[in-house]
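These numbers come from a predicted model, not from an experiment.
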Amino acid sequence: MRTTALMTRRWAATAVICGALVVGCSNGGTDGGGAAGGSGGHAESLKDEPKPLAAGELTPLLLTSTDLGYGYIQNPNLADDADDKNDDVTTQGCSALERLGKSESDLNFATKAEASFTYDTSTLGEELHSDRPSVLSAKLSTLFNAYLACSSYTLNTGSTPIEVQVSKSPLPKVGDEQFGYSSTLNLPTGSQVVKTLAVRKGNVAVILVGAPGLVDRHIDKAVGKLPAT
């Protein structure tokens, strides 16, 4: 399983290859919500927390084209080899992201489900992750703090360097914790802005990545599909 730490990198790599953004996976900085820490809580406190949902329980909670409305087309599920094609994607010029790349296997969540959609020439990607609430909180904080640690960095996709600027994003007032940032990718075809929002609700976190307007329009609906805490 690939961690959400790869989101922006896969988006950018696909943008270079295809000339348009197609859903991938990555995260960045926190703007308020999000408990710091790396252990995910002590063993005793974990016993009292809700257990992670099974992958089969996450899948029905994903957005569908029916949820999104007219004009949205659901893309086929990402193939396993999509990750392999982006293994040569690296970051440079931001020590926090470089450290993250070396330890991202430690940031996997217990279960995951994902979907992606095309709307006109824009794209919207969704990931659902489930784990103990304290684990979700700590790992999301680590991921987003790493991406907001630097205002800019270089994304290398093979031999193609892409300059990326990162900024904080306003956060929706939904769920238990919220995280967000925007990335401006200076691609050969022009600049592309990708917004990443994550909301934790109990033992499930939803992450939307894509065109800022689409992310803002559908985050409430995505969180609304999650189980009540």
Side-chain angles (χ1 to χ4, degrees), residues 3-34 63 68-69 71-75 78 82 86 89-94 96-97 100-101 114-127 140 143-158 160-174 178-199 205-223:
T3 72
T4 52
L6 294 175
M7 277 177 128
T8 296
R9 283 183 279 168
R10 197 196 305 173
W11 271 77
T14 306
V16 173
I17 296 169
C18 304
L21 291 174
V22 178
V23 70
C25 54
S26 156
N27 292 3
T30 182
D31 184 284
L63 291 169
L68 298 176
Y72 287 84
I73 300 173
Q74 186 160 356
N75 301 318
L78 293 169
N86 294 298
V89 180
T90 60
T91 58
Q92 184 179 357
C94 181
L97 289 180
L100 185 68
E114 62 185 324
S116 68
F117 305 86
T118 300
Y119 179 76
D120 195 12
T121 59
S122 299
T123 57
L124 177 70
E126 180 185 25
E127 289 189 357
L140 285 172
L143 287 166
F144 277 81
N145 282 328
Y147 271 88
L148 272 182
C150 302
S151 60
S152 64
Y153 64 94
T154 301
L155 189 68
N156 297 304
T157 62
T160 304
I162 301 171
E163 297 304 314
V164 183
Q165 282 77 46
V166 181
S167 60
K168 292 183 179 181
S169 293
L171 301 178
K173 296 181 180 180
V174 293
Q178 310 83 28
F179 308 81
Y181 77 104
S182 294
S183 298
T184 301
L185 312 175
N186 296 307
L187 304 170
T189 54
S191 296
Q192 291 270 14
V193 179
V194 178
K195 188 168 186 175
T196 304
L197 281 182
V199 174
V206 57
I207 301 172
L208 293 187
V209 185
L214 300 187
V215 171
D216 291 340
R217 187 183 307 167
H218 297 295
I219 187 64
D220 286 354
K221 190 172 297 182
V223 174

Exercise for the section: State whether a side-chain donor-acceptor pair under 3.5 Å links S182 with S167. Expected result: no
Fill in the blank from the handout: Of all heavy-atom pairs linking A146 and L97, the shortest is O-CD2, 3.6 Å
Exercise for the section: To the nearest 0.5 Å, tell me how far N75 CG sits from L124 CG. Expected result: 10.0 Å
Handout entry: Interatomic distance, S122 atom OG to Q192 atom CD [nearest 0.5 angstrom]
Key = 8.0 Å
Completion exercise
From the list D220, V174, L171, side chain to side chain contact (heavy atoms under 4.5 Å, CB included) partner of V199 resolves to V174
Problem - pair T123-L214: side-chain heavy atoms closer than 4.5 Å - result: no
Problem - Audit row: Y72, F117, ring-ring contact (aromatic ring centres under 6.0 Å, His included) steps and yes/no - result: CA-CA 6 Å; Y72 287 84; F117 305 86; 7.0 Å; no
Practice task
Could you give me the CA-CA distance, side-chain angles and deciding distance for Y119 and H218, then say whether side chain to side chain contact (heavy atoms under 4.5 Å, CB included) is met?
Solution key: CA-CA 13 Å; Y119 179 76; H218 297 295; over 6 Å; no
Fill in the blank from the handout: Here the pair of heavy atoms bringing C94 nearest to Y153 is CB-CB, 3.8 Å
Handout entry: Q74 side chain reached by L63 side chain, heavy atoms, under 4.5 Å
Key = no
Problem - side chain to side chain contact (heavy atoms under 4.5 Å, CB included) assessment of Q165 paired with N186 - result: CA-CA 8 Å; Q165 282 77 46; N186 296 307; 2.8 Å; yes
Handout entry: Nearest-0.5 Å distance that lies between atom CG in L143 and atom CD1 in I207
Key = 7.5 Å
Problem - Validation row: V164, V166 side chains within 4.5 angstrom (heavy atoms) - result: yes
Handout entry: Exercise: do T154 and E163 side chains pair donor with acceptor under 3.5 Å
Key = yes
Handout entry: Heavy-atom check, side chain of E126 versus side chain of V206, under 4.5 Å
Key = yes
Exercise for the section: Flag the pair K195 / V209 as yes when at least one side-chain heavy-atom distance between them is below 4.5 Å, and no otherwise. Expected result: no
Exercise for the section: Write down the atom of V215, the atom of G210, and the distance for their closest heavy-atom approach. Expected result: CG2-N, 3.6 Å
Practice task
Take L197 and D216 through the side chain to side chain contact (heavy atoms under 4.5 Å, CB included) test and state the conclusion after the steps.
Solution key: CA-CA 9 Å; L197 281 182; D216 291 340; 4.1 Å; yes
Handout entry: L187 CG to I162 CD1 distance, which is reported to the nearest 0.5 Å
Key = 5.0 Å
